[in-house]
Amino acid sequence: MIKRMLQGLVVGIANIIPGVSGGTMMVAMGLYDKLIHAITHLKSEFKESMKLLIPIFVGAGIAIVALSRLFEYLLEYHPIPTNFAFCGLIAGSLPFIFKKVKGHSVSVGKILAFLVFFAVVIAMAVMGETGGNAADVSFGLVNVVKLLLVGIIAAATMVVPGVSGSMMLMLLGYYDTILKTINGFIDALIGFDMQGLLAQCGILIPFGIGVVLGIFLIAKLIEFIFARAEIHAYYAIIGLILASPIAILLKIDWSGFSVLNLAVGILTFAAGWFTASKLGGE
């Protein structure tokens, strides 16, 4: 239970950071296949599925709520060491992933899957440079529908390994808004500000419903793909994972670069690698 919650924390942290994939972290920790199976078989295997899902979702929820403000600060004031830590988390997943394709022959189709998805992540990183504008979330039917759709898109990309849901939120212009709304919700909760809570819930509830719908919809599709082309899918995931650290490095603010920052970054990279190895495959 404790290990599952810690794994959930890592997934939650990954989903806060643009360029870092929560799906990649699931694969790195040996959770991905199990989680997809639990979601798609929730009705037929309810008890077993909930034993897996509850601690992971609780851990992820705690990370998102408790650490969103911290990571907002770290990425603004200490971007190099923070992003190096994320690179370490991702790189630490590779030995586990390579085990999935070990012993299988290489083919043109598998290499093509690798190259296509490697390129997708790099393209998203380059496109994401212009993202992050605040979105209009004033209460109204149109904006509620938009938040629902944004939640579905974000959740779908959060589940796919190598693709960053937070980066997608940036591209859609909702990243800053959602992060500030979560922080605003916590502030209102602590201050017993009911009007503030209602205002934040008007944003978080439709977005949250969309997230739940997106997770279940994409899980069915992923299960279908893995049932028919598992090794090709893992080659695609390897492409996504190898591209993710490059995508992060492309997006780092290097203006504060120094030898000290680099040294600390190497240490945080090692810490990320160590964490991934300890929370990795079952």
Side-chain angles (χ1 to χ4, degrees), residues 4 7-29 31-43 49-50 52-65 67-68 71 117 120-121 124 127-128 131-132 135 137 143-182 185 200-226 233 236-237 240-241 244:
R4 293 296 189 206
Q7 290 172 328
L9 283 168
V10 173
V11 172
I13 291 169
N15 278 325
I16 297 173
I17 311 306
V20 181
S21 167
T24 296
M25 293 299 103
M26 293 177 205
V27 175
M29 296 180 292
L31 281 176
Y32 196 73
D33 295 349
K34 299 179 182 68
L35 199 68
I36 294 298
H37 181 87
I39 292 170
T40 55
H41 294 79
L42 184 60
K43 186 176 179 180
S49 293
M50 293 306 288
L52 175 68
L53 294 175
I54 288 176
I56 291 172
F57 283 136
V58 167
I62 290 172
I64 291 170
V65 170
L67 300 179
S68 59
F71 279 96
F117 284 88
V120 165
V121 175
M124 285 187 68
M127 290 167 59
V137 288
N143 283 335
V144 166
V145 173
K146 282 183 181 178
L147 283 164
L148 185 70
L149 292 174
V150 167
I152 291 172
I153 294 169
T157 51
M158 285 174 188
V159 173
V160 177
V163 182
S164 168
S166 294
M167 187 182 292
M168 182 59 68
L169 284 176
M170 286 186 71
L171 295 176
L172 295 171
Y174 280 81
Y175 179 73
D176 289 345
T177 300
I178 296 300
L179 205 61
K180 288 174 182 176
T181 301
I182 292 170
F185 178 85
Q200 309 306 328
C201 284
I203 300 170
L204 292 178
I205 288 175
F207 177 75
I209 292 171
V211 167
V212 173
L213 288 174
I215 288 173
F216 279 89
L217 289 172
I218 197 67
K220 288 286 187 183
L221 176 60
I222 289 171
E223 186 179 50
F224 176 83
I225 292 171
F226 269 80
I237 289 172
L240 293 168
I241 292 175
S244 291

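- The side chain to side chain contact (heavy atoms under 4.5 Å, CB included) test applied to I218 returns A156, V159, V160, L221, I222, not counting sequence neighbours.
- Nearest heavy atoms, C201 versus P206: O-CD, 3.8 Å.
- Counting heavy atoms from C-beta on, the side chains of F207 and I178 come closer than 4.5 Å.
- For the side chain to side chain contact (heavy atoms under 4.5 Å, CB included) test, residues two or more places apart in sequence or in another chain that qualify with V212 are F216.
- No side-chain heavy atom of V58 sits less than 4.5 Å from a side-chain heavy atom of R4.
- H41 places a side-chain N or O within donor-acceptor distance of the main-chain N or O of H37, the cut-off being under 3.5 Å.
- L53 is listed as a side-chain neighbour of L42, based on a closest heavy-atom distance under 4.5 Å.
- Annotation for G59 and L9: closest pair O-CD2, 3.3 Å, computed over non-hydrogen atoms.
- Here CG of L149 is found 10.0 Å from CG of L213. Values are rounded to the nearest 0.5 Å.
- In this structure, the side chain to side chain donor-acceptor pair (under 3.5 Å) partners of T40, at least two apart in sequence or on a different chain, are E223.
- Remark: I182 CD1 to I64 CD1 distance equals 6.5 Å, nearest 0.5 Å.
- Here the CD1 atom belonging to I152 is positioned 11.5 Å from the CD1 atom belonging to I215, to the nearest 0.5 angstrom.
- Residues Q200 and T181 approach most closely at OE1-CG2, 3.2 Å, considering heavy atoms.
- In this structure, Y174 and L147 have side chains that are in contact, with non-hydrogen atoms separated by less than 4.5 Å.
- No side-chain heavy atom of V10 sits less than 4.5 Å from a side-chain heavy atom of M26.
- Listed here is the closest heavy atom pair of A38 and S49: O-OG, 3.1 Å.
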